[in-house]
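To start, the structure under review is shown below, and the notes come after it.
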Amino acid sequence: MLLTAAVSLLCLAGCSSKEPESAETQEVVPESKTYSFTGEVRTEAADHRPILATISNHPAARPQSGLADADQIYEFLAEGQITRYAALFQSKVPEQLGPVRSARDYFVHLAQGMDAFYIAHGYSPDAKKLLDAGAVDQVNGMSHDGTLFERSADRRAPHNSYISKQHIEEAFTLANASEKISALPSFSFLNPNESDKIGDIASSVQVSYSADPNYISTYQYDESANRYYRSVKGIETVDKINERRIELANVIVMEMDHQTADREGRLAIDLQSGGTAMLFHEGIAKTIEWQNKDGFLIPVEQGIPVKLTAGKTWIHIIPSLSGPSSSVTYTP
């Protein structure tokens, strides 16, 4: 099922016996647009190609720049118990993005499935093979350090590489990459007058990757805003650019098979097979599933895409051996 913007053709002359107005006098009603990854309605064009960027989540990289504008943020284990983000931008591109970190093969596969333009600085051996083979349109800081990618003086490498909106636009040109979206996901969203209250009450949610508090996320639900606000170690997740809080309509946890891929502890993650998932939105929790549908990781219930709340989504990818029951806790 493709997510498309609804189009309404209005009969401005009504149904009376009066003659219809001429083409010159008829009012043109703007076509309603819905962003494919947030379900939010816009009257402007919504045909921009998505951008997927690998962002550092090391404590030395916080707060990150640009996350408040991300439509979706995927949090993956990189190696050991350290997590890394794959931030997706389609409705808006931030003025600055970073710190940008190195690619993993599963990040490349995620971008490939979405036909997203991929941004990273560095790569694992498996990711480099995919990038060299042209698996995705991309730009990498290894080839453009100091030009398209700039180093921040107030942070230490490797957590100080940033790319600006202007340089992202230049990267599209250098890669001879299309700027138009070509693959639409089958995400489904609640209408503005709909709500979902079927599930356990979940006002506070905690997602843990290990006992290390640096990688334990806490989400607090604000009923008045119908949004979740994220914090780590009691520090609220904000955007470094403008100190905006990360406002989330949905928090999703997807269970995937993880295997150690090399001596460095890098991982192989199964993005294809589907599995158990949990959805937190509207102040409730429900156990669902996820499927890879045409390259997109889609939350489903009995094979049908679950209706999400329109807005931004944080997606945790956790090992199947731990499972949502041990990695996720929530309270009313």
Side-chain angles (χ1 to χ4, degrees), residues 1 3 34-41 67 70-76 83 85-86 88 185-209 215-232 236-237 245-257 270-271 273-293 296-332:
M1 178 180 69
L3 178 64
T34 303
Y35 286 119
S36 300
F37 295 90
T38 67
E40 294 178 313
V41 177
L67 291 186
D71 292 345
Q72 297 179 337
I73 299 172
Y74 297 79
E75 185 168 352
F76 287 85
T83 66
Y85 302 152
L88 184 136
S186 55
F187 294 111
S188 182
F189 295 93
L190 295 166
N191 293 323
N193 58 348
E194 287 185 289
S195 64
D196 180 8
K197 297 299 181 183
I198 300 175
D200 297 333
I201 298 174
S203 297
S204 181
V205 181
Q206 189 173 88
V207 182
S208 305
Y209 285 89
Y215 301 100
I216 299 176
S217 303
T218 300
Y219 299 89
Q220 200 68 39
Y221 178 64
D222 184 333
E223 185 175 6
S224 62
N226 195 22
R227 291 293 183 264
Y228 287 89
Y229 297 102
R230 180 179 184 270
S231 63
V232 176
E236 196 167 56
T237 304
R245 291 194 295 180
I246 307 298
E247 298 187 353
L248 301 163
N250 313 280
V251 177
I252 301 174
V253 182
M254 295 182 177
E255 179 182 331
M256 298 183 186
D257 183 55
D270 182 0
L271 303 180
S273 298
T276 304
M278 292 194 72
L279 167 64
F280 299 91
H281 74 157
E282 308 277 316
I284 61 101
K286 60 171 60 178
T287 300
I288 57 171
E289 296 178 327
W290 69 271
Q291 292 180 359
N292 187 315
K293 289 181 175 284
F296 296 92
L297 308 182
I298 305 295
V300 300
E301 199 165 22
Q302 297 181 343
I304 300 173
V306 173
K307 285 192 172 184
L308 305 175
T309 301
K312 303 178 186 304
T313 301
W314 197 289
I315 302 169
H316 287 274
I317 308 300
I318 63 169
S320 56
L321 291 178
S322 59
S325 60
S326 59
S327 297
V328 182
T329 58
Y330 57 91
T331 56

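Numbers for residues simply follow the sequence, beginning at 1.
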Inset, instruction - Indicate yes or no: at least one non-hydrogen side-chain atom of Phe37 is less than 4.5 angstrom from one of Pro185. - result: yes
Legend entry - Pairwise distance CD1(Ile246) to OH(Tyr219) - rounded to 0.5 angstrom: 10.0 Å
Inset, instruction - For the pair Tyr209 and His316, name the ring-plane relationship: parallel under 30°, tilted 30 to 60°, perpendicular over 60°. - result: tilted
Inset, instruction - Take the angle between the ring planes of Phe280 and Tyr330 and call it parallel below 30°, perpendicular above 60°, tilted in between. - result: perpendicular
Legend entry - CZ on Arg227 to NZ on Lys312, rounded to 0.5 Å: 9.0 Å
Inset, instruction - Using atom types as modelled and distance alone, determine if a side-chain donor or acceptor of Asn250 lies under 3.5 Å from a backbone N or O of Thr313. - result: no
Legend entry - Approximate separation, where rounding is to 0.5 Å, of Ile284 CD1 and Leu279 CG: 6.0 Å
Legend entry - Rounded distance (nearest 0.5 Å) linking atom CD of Glu40 with atom OG1 of Thr34: 10.0 Å
Legend entry - 4.5 Å side-chain heavy-atom contact, Tyr229 and Glu247: yes
Legend entry - Shortest non-hydrogen contact from Ile315 toward Met254: CG2-SD, 4.0 Å
Inset, instruction - State, with a plain yes or no, whether a side-chain heavy atom of Lys293 is found less than 4.5 Å away from one of Val300. - result: yes
Inset, instruction - Flag the pair Asp196 / Lys307 as yes when at least one side-chain heavy-atom distance between them is below 4.5 Å, and no otherwise. - result: no
Legend entry - Residue pair Ile252, Leu297: steps toward the side chain to side chain contact (heavy atoms under 4.5 Å, CB included) verdict: CA-CA 11 Å; Ile252 301 174; Leu297 308 182; over 6 Å; no
Inset, instruction - Search all heavy atoms of Thr309 against all heavy atoms of His281 and return the closest pair with its distance. - result: OG1-ND1, 3.0 Å
Legend entry - Nearest-0.5 Å distance, CE of residue Met256 to CH2 of residue Trp290: 4.0 Å
Inset, instruction - Report yes or no: does Asp257 contribute a side-chain atom to a donor-acceptor pair with the main-chain N or O of Asp270 at less than 3.5 Å? - result: no
Legend entry - Over all atoms of both residues, closest heavy-atom pair of Gly39 and Ala310: O-CB, 3.7 Å
Legend entry - Closest contact, heavy atoms only, Gly311 versus Ala249: CA-CB, 3.7 Å
Legend entry - From CD (Glu75) to CD1 (Ile317), nearest 0.5 Å: 9.5 Å
Inset, instruction - Work out which heavy atom in Ile288 is nearest to a heavy atom in Pro299; give both atom names and the distance. - result: CD1-CB, 3.6 Å
Inset, instruction - Would you kindly say whether Asp71 and Tyr35 are connected by a side-chain donor-acceptor distance under 3.5 Å? - result: no
Inset, instruction - Taking all non-hydrogen atoms of both residues into account, name the closest pair between Lys286 and Ile198 and its distance. - result: CE-O, 3.3 Å
Legend entry - pair Val205-Val253: side-chain heavy atoms closer than 4.5 Å: no
Legend entry - Donor on one side chain, acceptor on other, Glu282 and Ser195, under 3.5 Å: no
